[in-house]
Structure formats: C-alpha cells, structure tokens
Protein chains: 2
Amino acid sequence: MALRNAVLAALIDRESSGYDLAKRFRVSVANFWTSTPQQLYRELEKMEAEGLLAARVVKQDKRPDKRVFSVTVSGRDALRAFTRQEPKPTTVRDELLVQVEALAHADVGSVRESIRARIEQSRQRLDAYEKLLAEILGARSHDEFLATGNRIGPYLTLSRGISFERENITWGELALDVLDRRYPA
Amino acid sequence: MALRNAVLAALIDRESSGYDLAKRFRVSVANFWTSTPQQLYRELEKMEAEGLLAARVVKQDKRPDKRVFSVTVSGRDALRAFTRQEPKPTTVRDELLVQVEALAHADVGSVRESIRARIEQSRQRLDAYEKLLAEILGARSHDEFLATGNRIGPYLTLSRGISFERENITWGELALDVLDRRYPA
DNA sequence: ACGGCCATGTAACTGGTTACATGATTAC
DNA sequence: GTAATCATGTAACCAGTTACATGGCCGT
C-alpha cells in the first residue's frame, strides 16, 4: 500500500511496462523509493485488478510482447488523495553506515574497500541524475525553468538526489582520510 | 537478519534495555537504520536465544525492572564478520518525495505543509545530532579528535547525519520557494 | 483526573526479499 | 559460444508495521 503511491507517481507522466518501470526504479526513482522487479510485477497486477492502472499489450518484433501500464482516472484520484495525507517519516537502511558505526570492532580493510565502492556508485548515480536534470531543463537556465517549466516535481526530487549523492562522495572521502590517518596501511 | 547488525553496532559500546535502545533508534541510529520498538523487542529475544546477546535484570525502585542487553563474545564475532561482507545498497523510502514527484497532480497546499513539517523535523534532528557530536568531541577540535579520539565510527556516522539533515533543510527551503513562485496563494 | 513516561510484550497483518523458471535476441 | 538484455512471472520465506494490552509513577 506504500509502494503503490511511488508506482502511481512514476507512471502518471509516462506509461511503462513492468520491465521498464524496474529500470526506472533502479535509477531515478531510487532517490526516494526502492523496490525489486518482483515486487513491482506483483504490485502492478494488484493495481490493475483494483482499477488504478490499465494495461495494454504492445507487440514488438524480435522481442517479447510487453504489457504497458498507465494510470486510470481512479488511479489519478488515488494519487491526489495520497498527496493530501501526512507523509510517513523517511526510512533509511544503510549497511555501510552500520559497518562504520562499528569501526572499532570492524575489519577496517573491508570497510575501507566498501567506502571506496560507495563513492564510485555515488559518482555514477550523480552522473545519471545530472543527465536527467539536463534533459528536464533543456536549453533553459534553472531560473527560467523554475518560472516556466512543467516537470517541476521531478526537477525537485532530482535536485534532492543530486545533493544526496554529492554529500555521499564528500563524506566518503572524509571517511577514507580519517581511516588513512588512524589505521595506516 | 539485517536489523541485528544495527542492534549489535548500537549495543557494542553501551548496553541498553529494549526501551532505551528504541529511544536510541529514534534519535542517533535513525541516521542509518530505522526500526520500531516492537521489532527491537522481538529481535533482542531472538538474539539472546542465539547467544549473540546476554541479558540481565536490573532492579529499579519506583520504576519497573528492566532487562539490559549486552553483546557477547559470539555477538562481537558476528559483528566483525558482518563488517567483512559487502554492504547492501542503501534503501530509502520517503513518502514526501513521492508526493513532490507527483506535484503536478497533487494537492499543493498539503504538500507545502508537509515540506514545512519536514524542515522543522530536520532542524530538530540536526540539533540533536550536533549535541551528540559535541559530546563525542568534548573539548577537542575536530583535528585533535580525528588524531586521538576513540569513538571515530560514531563520529563519522553522525557527521553523515548532520550533512543529511542540513541538505534536507536547504532542499525544503528551495522547494517552498519554487512552490510560492509557481502556485501563489 | 489526565497525559506522558517507564517498561515489556503478543498477535495479526502487510510489505519486501530471494530463489527459481523460461525463452528469445543482441553484442562481443 | 557466452554473457547481457528483453520480458514476465511463481513460490516461499523473512522482515516490518499496526493494533492492542498492562500497570505503576510523575507532574500539573
């Protein structure tokens, strides 16, 4: 019942197949919601059964057929109703930070390696988010866009994703510095 | 099996009752892991049964007795083993950002109010984190601490929490500005 | 007298993860 | 020929949430 709102928000401006949605959840949506493909397939079925989504089969040649889902009027109403509710507090689950919290009792070499991997991943995400933002902006400046653009919601969530990943990188570099000082190789 | 590592990390330097742990999860641990008290009570029982934690009853007067849990040698080993594993990618679930993503189809007044509430909450968390950080630092400067301090893991996770909440506030203020421009009252 | 805090728990339910399965196509 | 991508799904399990329950103490 919580994933479904993220699905509605993701499909409202662009219909998608389950497969495509899963890809979007891996990249842009991952900013504010995470989900596995399996969860999505299951949820899409339920939402169709409840009339929030409509599915149509698109034939492709040299590729399997796909079922493309779009938000119905009833889905749109449900989304609007959701925006009127008080949002639940953010939940975060970050195993890397759990490992860092336990640093004094940790295998420091492994943790160092995990921090490096996290920096690399954040760089890639940052890159992807910046490209998406550039697409939304088009030729306009931020100010022009904010005055006249129409994908203002996605602009804002992407901005949040960008600052989040930047902070991840900055933090990771600080953490590596500290480890180098305190646990020299 | 994932919550348990966060519990071990939280208890390794300071034993706690279930009730106290729940409070710590609401404040400092919320940085990197969230959990309800109910989940904690259940997990603590399991972990004790598996020998990762030891419990002792502390009698208090004018207050109910409490069961205080501490990490056993076997728990310490499990924590160290966990730090050797590759951490799973961060999962985030943020309903407010889902609402913002759907802004064009949202009840803008409600969303604005929710952003304001989020800013306020982030201010309070920031405040709490900064106080905890000050406690860890004591009279030392950051540089001194990084060279000689011993709660370096918590220092790093708290730093991440602080920059996260600062970014929340900055982002929220930007979002409110944008809403005021595009959806004037 | 009432709400909030201390302290712990059970039960029922909902949501999320993992493993498995299938089969064609495209790129190296 | 091997791996990756396209495309969809089932089943079993594990984790997380919500509602309810109890009872004394403290402050206003």
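Each chain gets a letter, A, B and so on, in the order its sequence line appears, and its residues count up from 1.
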(message) Without decimals, in angstroms, what is the distance between Phe69(A) CZ and dA7(D) C1'?
(response) 12 Å
(message) Apply salt bridge (Lys or Arg N to Asp or Glu O under 4.0 Å) to residues Arg112(A) and Asp107(A) and explain how you reach the verdict.
(response) CA-CA 9 Å; Arg112(A) 202 192 306 258; Asp107(A) 178 330; over 6 Å; no
(message) Tell me if a side-chain donor or acceptor on Thr34(B) pairs with a main-chain N or O of Ala30(B) at a distance below 3.5 Å.
(response) no
(message) Rounding to an integer number of Å, can you tell me how far Gln60(B) CD sits from dC5(C) P?
(response) 17 Å
(message) Could you tell me how far apart Asp65(B) (CG) and dC25(D) (C1') are, to the nearest whole angstrom?
(response) 14 Å
(request) Return the residues of residues 18-41 of chain B meeting this criterion: a heavy atom under 4.0 Å from some atom of DNA chain D. Order them by number, or give none. (result) Thr36(B), Gln38(B), Gln39(B)
Under 3.5 Å, which N/O atoms of the protein pair with N/O atoms of nucleotides 22-26 of chain C?
{"from": "dT25(C)", "atom 1": "O3'", "to": "Lys62(A)", "atom 2": "O", "distance (Å)": "3.4"}

(message) Just to verify, which of Arg166(B), Arg123(B), Arg125(B) counts as forming a salt bridge (Lys or Arg N to Asp or Glu O under 4.0 Å) with Glu130(B)?
(response) Arg166(B)
(request) Find the distance between CG (Leu174(A)) and CD (Glu167(A)) and round it off to the nearest 0.5 Å. (result) 10.5 Å
(request) Evaluate the salt bridge (Lys or Arg N to Asp or Glu O under 4.0 Å) criterion for residues Asp65(B) and Lys59(B): first the C-alpha distance (whole Å), next the side-chain angles of each, then the deciding distance (0.1 Å), finally the verdict. (result) CA-CA 5 Å; Asp65(B) 292 359; Lys59(B) 290 201 175 126; 5.4 Å; no
(message) How close do Gly51(A) and Thr72(A) get, counting heavy atoms only, and between which atoms?
(response) O-OG1, 2.6 Å
(request) Could you tell me the separation between the CZ atom of Phe32(A) and the CZ atom of Phe25(A), rounded to the nearest 0.5 Å? (result) 7.0 Å
(message) Atom CD of residue position Glu86(B) - does it have more than 12 heavy atoms of other residues, nucleotides or ligands inside 6.0 Å?
(response) no
(message) Output the rounded distance in Å from CG (Asn5(B)) to P (dG16(D)).
(response) 11 Å
(request) Would you mind telling me which residue lines up with the more 5' stretch of DNA chain D, Ser17(A) or Arg42(B), judged by nearest nucleotide? (result) Ser17(A)
(message) From CG of Leu3(B) over to C1' of dG16(C), roughly how many Å is that when rounded to an integer?
(response) 15 Å
(message) So that I can tick it off, tell me whether Glu113(B) and Arg116(B) are bridged by a salt bridge, with the cut-off set at under 4.0 angstrom between side-chain N and carboxylate O.
(response) yes
(request) Grab the NZ-P distance between Lys66(B) and dC25(D) for me, whole Å please. (result) 17 Å
(request) Measure from CD on Glu45(B) to C1' on dA7(C) and round the result to the nearest Å. (result) 13 Å
(request) Considering only NZ, NE, NH1 and NH2 on the basic side and carboxylate oxygens on the acidic side, decide whether Arg182(B) and Asp177(B) come within less than 4.0 Å. (result) no
(message) What residues from residues 80-98 of chain B pass a heavy-atom cutoff of under 4.0 Å to DNA chain D?
(response) none
(request) Starting from P on dT8(D), measure out to CD on Glu48(A) and report it in whole angstrom. (result) 12 Å
(message) Any side-chain to backbone donor/acceptor pair from Trp171(B) onto Leu156(A)? Under 3.5 Å, distance only.
(response) yes
